[in-house]
Amino acid sequence: MALVLAPEPPADEWLAELDQLTARSPGFFGGRPVVLDLSAMRPTPRAMAALLAELEARKVRVIGVEGVAPTHFEGAHAHLAMPIGGRAAGDLSAPEAPARKATSLVIDQPVRSGQTISFPDGDVTICGSVASGAEVVAAGSIHVYGALRGRAIAGSAGDAKARIFCRKLDAELLAIDGVYMTTDELDPALKGKPALARLDGETLRVAALD
Amino acid sequence: MAEVLVVTSGKGGVGKTTSTAALGAALAQTGQSVVVIDFDVGLRNLDLVMGAERRVVYDLINVVQGDANLNQALIKDKRVESLYLLPASQTRDKDALTAEGVERVINQLKERFDWIICDSPAGIERGAYFAMRHADLAVIVTNPEVSSVRDSDRIIGLLDSKTEKAERGEHIEKLLLLTRYDPIRAERGDMLKVDDVLEILSIPLLGIIPESPEVLKASNLGSPVTLANPISAPSRAYLDAARRLRGETIEMTVPSEKKRFFGNLFGRRAA
């Protein structure tokens with residue numbers, strides 16, 4: 001743990017305050033590593049070197065400085081203390097960039113009866129038909145470029161904006177965000193047509209896609 | 001190069017065993033060496049349809065378990081030179097099949113035959129799994145009605161995931177054999193049409209076998225229909241399908257029984 005000191009201009013007054021503090025509690029800095037935050041003071045390189053020298057004289061071990069450009073340090077390193085003790089740090093290993101999670105799934109084959117396609121991270125696109133007795137579950141929307149004869153469950157993780165699109169509607173069950181509809185409730189005029197299902201409040205609306 | 005073919009459907013009673021016998025005999029009639037294997041352990045039928053029920057001594061289970069060798073179990077057909085039957089056991093059940101045993105039997109048969117035709121039991125359990133396991137090619141027997149079509153779809157999904165070929169990431173060829181088809185009833189809307197079934201299953205068509213009393217007649221005689229009455233409509237359809245299996249291109253038709261001119265004319269009027 002390092003202590004952060006944030007000096008405020010003017011430097012003389014701040015140093016005087018610091019002296020008062022150390023007078024009240026001697027040994028306050030007692031070898032503690034200190035980081036100096038100069039973003040409030042914005043000193044010139046020379047003023048910074050002077051400040052570091054003052055602090056060194058007061059036995060304040062400054063191990064790092066922030067809030068100024070690295071160019072400020074030309075010749076100022078002498079005043080920076082080296083940390084004592086601790087463990088040698090190994091080479092920093094940059095955390096591996098997590099593989100970007102796919103947000104859509106494309107299936108190039110028909111989904112056969114008895115098969116389930118489940119995708120909890122986004123949309124599912126099926127280039128083919130979804131057979132009677134098959135099931136497609138997606139957190140996002142479902143797109144079927146073929147006949148939808150099985151079950152389509154969109155917005156499975158609670159997404160009321162998810163939709164179901166298909167080229168030929170003959171679904172056994174449609175569901176969006178938990179609101180479902182079976183074939184019986186479907187307008188017979190839509191059967192076999194390209195269609196779109198979406199959620200309107202608590203009602204599932206199915207419309208022709210023409 | 002031996003081809004392992006599974007005849008399967010999911011649903012029972014659609015004509016798997018009839019089609020196995022008819023296609024097996026038809027391929028053998030073209031000079032190919034063929035073995036038909038009954039995987040319906042406990043409910044064997046292929047021996048009856050092939051007319052070999054009184055000649056069964058050892059069966060598939062005996063060979064799988066090592067109690068008999070292949071030569072003891074294979075039954076040679078009396079009508080066609082190059083046709084053999086490996087019957088199932090009637091007294092055991094499907095649990096008697098083992099993965100290693102079935103694999104060993106199939107590999108031994110591959111050395112001897114051009115075609116190994118596995119007659120799958122109905123369902124999607126153990127027996128059906130072993131019948132499809134080593135297949136290079138699947139013939140999906142489907143009747144033109146919705147429950148049969150949906151079960152076939154289920155089986156196609158399993159073929160694409162559970163067979164050895166699929167597990168190696170290879171494509172397993174699947175062909176549709178539409179059986180018990182009646183063009184007149186399909187036209188009336190009492191039955192699914194060929195195009196409806198093809199649209200749902202989206203696999204290539206191997207053949208259309210018309211509904212015919214000849215099929216039942218041949219079964220009861222204990223003869224594959226292609227041998228019992230080769231000029232009947234279903235026989236011609238099976239013979240065409242067998243030639244397609246061998247890579248020939250033959251126009252797809254639904255053969256019908258040849259009727260006498262007058263019979264046709266008056267038959268229509270009476271209806």
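Below, chains carry the letters A, B, ... as their sequence lines are ordered, and counting in each starts from 1.
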All donor-acceptor atom pairs under 3.5 Å, backbone and side chain, chain B-chain A:
unit_1   : atom_1 : unit_2   : atom_2 : d
B:Arg150 : NH1    : A:Ser132 : OG     : 3.0
B:Arg150 : NH1    : A:Glu172 : OE2    : 3.4
B:Asp153 : OD1    : A:Arg112 : NH1    : 3.0
B:Asp153 : OD2    : A:Ser113 : N      : 2.4
B:Glu199 : OE1    : A:Arg149 : NH2    : 2.7
B:Glu199 : OE1    : A:Lys168 : NZ     : 3.4
B:Leu201 : O      : A:Arg112 : NH1    : 2.7
B:Leu201 : O      : A:Arg112 : NH2    : 3.1

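Evaluated for a side-chain contact (heavy atoms from CB on, under 4.5 Å) with B:Leu205, the options B:Leu175, B:Leu198, B:Leu177, B:Val197 yield exactly one hit, B:Leu198.
Atom CD of B:Glu167 sits in a crowded spot, with more than 12 heavy atoms from other residues, nucleotides or ligands closer than 6.0 Å.
For B:Ala22, the side-chain contact (heavy atoms from CB on, under 4.5 Å) partners two or more places apart in sequence, or in a different chain, are B:Val225, B:Thr226, B:Tyr238. In this view, A:Phe119 satisfies the ring pair (Phe, Tyr, Trp, His ring centres under 6.0 Å) rule with no residue, not counting sequence neighbours.
Between B:Leu23 and B:Trp115, the closest side-chain pair of non-hydrogen atoms is not below 4.5 Å.
Sorted pairs that involve residues 130-169 of chain B and meet ring pair (Phe, Tyr, Trp, His ring centres under 6.0 Å), not counting sequence neighbours, are lacking altogether.
For chain A, the nearby part of B:Ile203 is the side chain; its heavy atoms alone come within less than 4.5 Å.
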